[in-house]
Each structure stands twice: as C-alpha cells, then as structure tokens.
**Student:** 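Have a look at this one before I ask anything.
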Amino acid sequence: MTEPSYLAAVRESYDTVAAAYAEQVKSPAELDPLSRAVLAAFAEIVREAELGPVADLGCGPGFVTAHLAGLGVPAFGVDLSPRMVELARRAHPDLAFTVGSMTALPIEDDTLGGILAYYSTHHTPPELLPLVYAEFHRTLAPGGCLMLAGHVGDGECVRPTQAYGGHPVSYESHLLPVERLVELVEGAGLVVTARVVLEPEEGRKRRGAALVVGKPARMATPAGDTA
C-alpha cells in the first residue's frame, strides 16, 4: 500500500521537535484530575477484560505508555517518528516501542485488548480517518476497548509553521466536531459507550474530547445451529 502523503510531514516534524516535545509536554501525573481519571478508567476496563495487550498509538516519548504500565496494563507503544521511538526506548527500556503508522499497523487481527490514541489522530486528514479507524477495528479483539482522545473544534484546519520552542513543523491539525468523530468511529463498526468533553485549560484555546469505544464481541453460535 502506498503511504499517504501527509505522513512524511508528520514524521519529519516530530523527528525535529522530539527532544523539545519530551521536555515541554506534561506527564500524565501533571494532567488535570479529569484527564487522569479518564486514563485510569480506560486502564481499569482493559485490565479487567484481559483480552490482550494495549497499543499506545502515537506514543511519542512514551510518557503515557509508561503510565498505563504503572496502572497494571500490558502496554506497548507505536509512533511514526523514529526519533520519538528512540527517546521512548531510552527512557523506558523495560517497555516495547515500534516505529509504525496507524494507517497500516504492524499488528495482527483481533489481538489487542485495547488501543489508546491519545492526542495522536488530529494530524490525519478527515477523509483518511475511516482508514485509521478500520485499522483500529481490525486489530482490536472482539470486546476490546479503544480510547480516542484529542483536540476538537468546528472542522477547522490549523497549519502551524513552528512548535515546541520555535522548531519548524509542516503538519496540519484537523479539529473536527465530537459528533463527526462519533459518526466516523461508528462507521468503522465500533460502538461509542461514553464521551467526555474537556473545556480549554487556562491559556489555551482548544477543547479536548475523549471517547470510550468498544468493538462488539462475537455472538456465540447456538448449539445445533450449522447455518
């Protein structure tokens, strides 16, 4: 499969800002109480279901992956940026981190107990989100849980030229309404079971949202039914 063109800009940009990102972005312990509670709820859901490991997709330097592991979740990380993966491996040598794209995950079908996409899908053009969500559906085990969290808006596209201390970037951020994200997720065969909308913190303009999403469990075949 040909790699979508936007991925090169995302990869190059995060390779460029990786060190500054790791220094400036809050660790999970520094997040607001509601954000921490949402992560803890996700961890409890996947831990109790025991359906398989959890993939932290767009893991960056591994802060959240390590946080999940600390909550008793068998987690590993995947990121498009080789530099981010290098930093994650260095900071958390006891965890597994892999370079990969959400558009073609290096993960077998029906094997993940959970997926965390934490502020990592907003660079995907809206027309390609069905491809990403289809990969989430493919790799989740029946009954598995996805938590999708990120920036939301009214459909605007933001094109910064600098980020994380003035380093040059060339990615775009697509800020879709929560309702549109729900439509796209459910269009991939997943089921939204909860949603939380986070108003901007002081000094920030963007709202955030978290969706808790399930992959339907397979229906058992009744005894004697050979159809």
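For the single chain, residues carry numbers from 1 onward in sequence order.
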**Student:** With a sphere of 6.0 Å drawn around CD of Glu172, does it hold more than 12 non-hydrogen atoms of other residues, nucleotides or ligands?
**Tutor:**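 Enclosed: over 12 neighbouring heavy atoms sit under 6.0 Å from CD of Glu172.
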
**Student:** Arg89: which residues meet the salt bridge (charged side-chain N to carboxylate O under 4.0 Å, His left out) condition with it, sequence neighbours left out?
**Tutor:**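 Once residues adjacent in sequence are excluded, Arg89 has no partner under the salt bridge (charged side-chain N to carboxylate O under 4.0 Å, His left out) criterion.
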
**Student:** Does CD belonging to Glu108 count more than 12 external heavy atoms closer than 6.0 Å?
**Tutor:**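 Count not over threshold, so no.
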
**Student:** Among all residues two or more places apart in sequence or in another chain, which pass the salt bridge (charged side-chain N to carboxylate O under 4.0 Å, His left out) test with Asp94?
**Tutor:**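 Listed in chain order: nothing, the list is empty.
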
**Student:** Which residues pass the salt bridge (charged side-chain N to carboxylate O under 4.0 Å, His left out) test with Glu135, not counting sequence neighbours?
**Tutor:**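 Counting only residues at least two positions away or on another chain, Glu135 forms a salt bridge (charged side-chain N to carboxylate O under 4.0 Å, His left out) with Arg138.
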
**Student:** For a 4.5 angstrom cut-off between non-hydrogen side-chain atoms, does Leu175 reach Val152?
**Tutor:** no

**Student:** If the condition is salt bridge (charged side-chain N to carboxylate O under 4.0 Å, His left out), which residues does Arg90 pass it with, not counting sequence neighbours?
**Tutor:**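 So Arg90 forms a salt bridge (charged side-chain N to carboxylate O under 4.0 Å, His left out) with Glu86.
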
**Student:** When Val132 is tested against each of Leu105, Thr103, Leu184 for side-chain contact (heavy atoms from CB on, under 4.5 Å), which residue passes?
**Tutor:** Thr103

**Student:** State, yes or no, whether a side-chain contact exists between Val213 and Leu140 at a heavy-atom distance under 4.5 Å.
**Tutor:**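 No, too far: nothing below the 4.5 Å cut-off.
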
**Student:** Only pairs at least two apart or in different chains count here, so list each ring-ring contact (aromatic ring centres under 6.0 Å, His included) that has a residue in residues 5-45.
**Tutor:** Tyr14-His123, Tyr14-Tyr171, Tyr21-Tyr164

**Student:** Answer whether the closest heavy-atom distance between the side chains of Pro82 and Arg11 falls below 4.5 Å.
**Tutor:** yes

**Student:** Answer yes or no: is there a side-chain heavy-atom contact under 4.5 Å between Leu211 and Val178?
**Tutor:**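 Leu211 reaches Val178 side chain to side chain.
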
**Student:** Does anything in residues 79-119 form a ring-ring contact (aromatic ring centres under 6.0 Å, His included)? List the pairs, not counting sequence neighbours.
**Tutor:** Tyr119-His151

